[in-house]
Asks: 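Have a look at this one.
The chain is numbered in sequence order, starting from 1.
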Amino acid sequence: MYKYSFLVFHSGYQDFLKDIRKIGVVHINDKIKEPTPEMQDLFRHLTEVSKAIQKLEMIEPEATEKKPELKTGEAVFNRLKEIEKEGEHNHHQMQQLEKERKQLVPWGDFDWKMIEKLQKQGVEIRFMSCPIRKFEPEWEEDFYIKVIKDWEGYRYFVKLEKTDKENEENGFEEISGADELILPNHSISQLDAEIKKLKTEADELRHELHRIAYFCIPLLEEYYQAIEQQLSEKNALLQTSEEVEGKVKMLEGWVPETKKEELDNYLEENKILYTADQPSDDEEKVPILLKNNRFAKLYEIIGKLYELPNHKELDLVPFFAPFYMMFFGFSLGDAGYGLVIIGLAEYMKRKMPNLRSVMKLAQLLGLATVIFGILTGTFFGIDLINSQIPWLENIKEYMVDTDELFNLAIILGVIQILFGMVLKVINISRVKGFMYSLSTIGWLILIIGLGAVIGLKTVGTLDEQTASVAQYVVLGVAGVFILVLNNPKRNILMNIGAGLWDVYNMATSLLGDILSYIRLFALGVSSAILGMVFNNMAMSMKPDNVIFGPLVMIIILVIGHGITIFMSGLGAFVHPIRLTFVEFYKNAGFTGGGKPYKPFAEPASKISE
């Protein structure tokens with residue numbers, strides 16, 4: 001990255017911003033962090049549009065020739081808000097009508113006009129209810145009562161009275177235990193008609209939403225890009241400082257080395273004053289543009305779950321990618337499950353093209369699972385090593401048993417940790433200088449040297465005396481690097497103290513780091529056991545019936561292995577990430593803290609035009 005500072009005369013500043021936006025390589029340096037109120041409103045609106053796009057993408061598109069009459073993304077967004085508001089209003093109305101209908105159900109479908117007619121004739125009908133057990137049969141003899149219906153533990157009845165209520169003057173008393181009801185002023189038929197109308201309107205809104213999902217997502221995406229463009233323009237103006245009493249505008253930004261040629265040509269042609277310098281060692285938050293090959297690029301999504309590297313250190317994505325793929329296959333470790341993952345990912349690639357890179361990654365992980373499944377002899381929970389399959393006999397000698405699998409997990413852990421320490425040497429050399437990496441080199445000499453001596457001694461290549469001398473040489477050289485030469489700017493006593501502390505930290509953490517890789521073995525074994533359990537369950541629980549027996553067995557196998565793939569796949573995804581971000585990143589001396597490179601540019605659709 002190169003840090004640019006532009007000095008532009010105020011009258012030509014707007015044209016300058018348009019030009020560098022068209023070139024699209026300058027990441028504007030955010031010196032002022034607090035956005036303006038107008039920018040905050042745009043941020044909120046951008047979030048709303050993003051959520052609208054996500055909701056539309058989750059809706060099954062409805063292919064139809066009836067295209068919505070929406071010409072712009074803003075019109076689409078506003079219509080979506082209206083549909084949402086209308087839908088909520090419709091839902092609340094329907095809930096209210098359903099509640100009113102439920103109140104009327106015990107009374108049946110009667111006509112309120114008849115009730116009003118009776119009232120005009122001097123007869124008042126009071127709708128009443130009480131618990132069935134409290135209803136007194138004498139009431140029907142003493143009062144003008146008509147029982148309508150018993151419903152959910154209550155007796156519903158009507159009581160007829162004269163409108164002038166002369167009976168109260170004759171000593172009439174309210175029926176004890178009965179409650180007067182206030183009913184909606186509608187009949188069930190009217191409510192049903194209203195509910196049907198609301199359902200029709202809801203269906204129309206839903207169909208319109210499906211049509212919008214089919215036709216209008218591109219318009220909404222263009223609108224999203226337009227808002228982003230407004231934000232970037234306002235941010236460019238916010239980050240602009242004024243010099244020479246406002247006559248000169250100054251802007252700072254970052255440009256990748258691989259993309260600066262076109263910008264430099266433009267600046268020279270237009271005689272714009274600028275400086276371009278590489279970032280200093282103490283520069284913070286330099287934007288990062290990752291540059292990886294096709295294989296490693298798929299794993300960037302995993303690396304971004306942690307942090308981007310800072311501008312001074314190595315990008316570790318291409319270095320952990322092969323290990324992550326290997327660890328996933330090790331953890332899931334079933335060839336059948338790997339084939340399922342590959343097949344599902346291929347289907348999703350065609351169904352959801354926007355997830356193509358993620359599905360490619362899933363297919364690679366599925367391939368690793370197939371390879372480790374073959375290596376361990378596991379296929380949908382079937383133990384191929386102990387199965388009597390004639391054509392597999394010649395292959396079984398290349399398969400690994402449980403003990404060998406445990407050792408393999410430890411060996412892979414040691415290899416990755418040592419590889420991380422090699423990368424740490426390179427990282428420190430890049431950032432501080434080679435002399436600062438001598439302590440890490442000392443640890444590499446100690447671990448690899450002692451391992452080699454012990455190994456050669458075990459196989460008989462070295463005798464006792466030679467092995468003893470070799471051990472002392474390794475210890476001496478490593479000790480000098482670790483205890484004496486760990487920091488070229490400190491005196492020897494300070495280095496020895498710091499080296500002893502380093503020895504304590506390494507001794508307590510290195511063994512724990514290596515043992516963490518046993519989780520690969522545990523996950524692989526548990527996945528195989530789960531698959532085997534469901535196989536045994538399917539065989540033992542199937543009915544002794546020619547038709548239903550195989551059917552039940554297939555259902556148990558599909559459900560059981562589906563659960564196993566989900567649970568074991570989740571573990572196979574998460575735990576290798578943990579090994580990468582904790583054990584590998586720590587031993588590689590990863591610092592992180594970089595921010596993504598986001599150039600001030602026109603939307604992709606305009607650039608392509």
Asks: Counting only heavy atoms not in Q40, do more than 12 sit closer than 6.0 Å to its CD atom?
Replies: yes
Asks: Just say parallel, tilted or perpendicular for the rings of Y585 and F590, cut-offs at 30° and 60°.
Replies: tilted
Asks: Please determine, by modelled atom types, if Q239 and N29 share a side-chain donor-acceptor pair under 3.5 angstrom.
Replies: no
Asks: Enumerate donor-acceptor pairs with a distance under 3.5 Å from any side-chain N or O in residues 565-577 to protein atoms, sequence neighbours excluded.
Replies:
from	atom 1	to	atom 2	distance (Å)
S568	OG	T564	O	3.1
H575	ND1	R519	NH1	3.3

Asks: Can you check whether Y436 reaches I428 side chain to side chain, under 4.5 Å on heavy atoms?
Replies: yes
Asks: Who passes salt bridge (charged side-chain N to carboxylate O under 4.0 Å, His left out) against E57, sequence neighbours left out?
Replies: none
Asks: Do F295 and Y299 have their ring centres less than 6.0 Å from each other?
Replies: yes
Asks: What I want to check is whether the side chains of Q363 and K349 have a donor and an acceptor closer together than 3.5 Å.
Replies: yes
Asks: Kindly write out the residues that satisfy salt bridge (charged side-chain N to carboxylate O under 4.0 Å, His left out) with D41, not counting sequence neighbours, or none if the list is empty.
Replies: R44
Asks: Determine, for K51 against E48, whether the closest basic-nitrogen to carboxylate-oxygen distance falls under 4.0 angstrom.
Replies: no
Asks: Restricting to pairs with a member in residues 223-236, which pass salt bridge (charged side-chain N to carboxylate O under 4.0 Å, His left out), not counting sequence neighbours?
Replies: R21-E233, E38-K234
Asks: Compile the donor-acceptor pairs under 3.5 Å between side chains in residues 439-454 and protein atoms, sequence neighbours left out, one pair per line.
Replies:
from	atom 1	to	atom 2	distance (Å)
S439	OG	D502	OD2	3.4
W443	NE1	D502	OD2	2.9

Asks: Does I492, at its CD1 atom, have more than 12 non-hydrogen atoms belonging to other residues, nucleotides or ligands within less than 6.0 Å?
Replies: no
Asks: Within the distance-only criterion (no hydrogens, no angle test), does the side chain of T47 pair as donor or acceptor with the backbone N or O of F43 below 3.5 angstrom?
Replies: yes
Asks: Which pairs count as salt bridge (charged side-chain N to carboxylate O under 4.0 Å, His left out) when at least one residue sits in residues 573-593, sequence neighbours excluded?
Replies: D513-K586, R578-E583
Asks: What salt bridge (charged side-chain N to carboxylate O under 4.0 Å, His left out) pairs are there with at least one residue in residues 414-435, not counting sequence neighbours?
Replies: none
Asks: Just to verify, what does K595 make a salt bridge (charged side-chain N to carboxylate O under 4.0 Å, His left out) with, not counting sequence neighbours?
Replies: none
Asks: Tell me, please, which residues at least two apart from K360 pass salt bridge (charged side-chain N to carboxylate O under 4.0 Å, His left out).
Replies: none
Asks: Residues in ring pair (Phe, Tyr, Trp, His ring centres under 6.0 Å) with Y337, at least two apart?
Replies: F380, H561
Asks: Can a side-chain donor-acceptor contact be found between Y2 and D277 if the only test is distance below 3.5 angstrom?
Replies: no
Asks: Between V8 and L251, is any pair of side-chain heavy atoms under 4.5 Å apart?
Replies: no
Asks: For the residue pair N265 / E269, report whether a side-chain donor-acceptor contact shorter than 3.5 Å exists.
Replies: no
Asks: Show every salt bridge (charged side-chain N to carboxylate O under 4.0 Å, His left out) that has at least one partner inside residues 316-345, sequence neighbours left out.
Replies: none
Asks: Can we call the ring centroids of F372 and F328 under 6.0 Å apart?
Replies: no
Asks: Less than 3.5 Å apart, any donor N or O on the side chain of Y224 or S50 sitting next to an acceptor on the other?
Replies: no
Asks: What pairs with Y274 under ring pair (Phe, Tyr, Trp, His ring centres under 6.0 Å), at least two apart in sequence or on another chain?
Replies: Y4
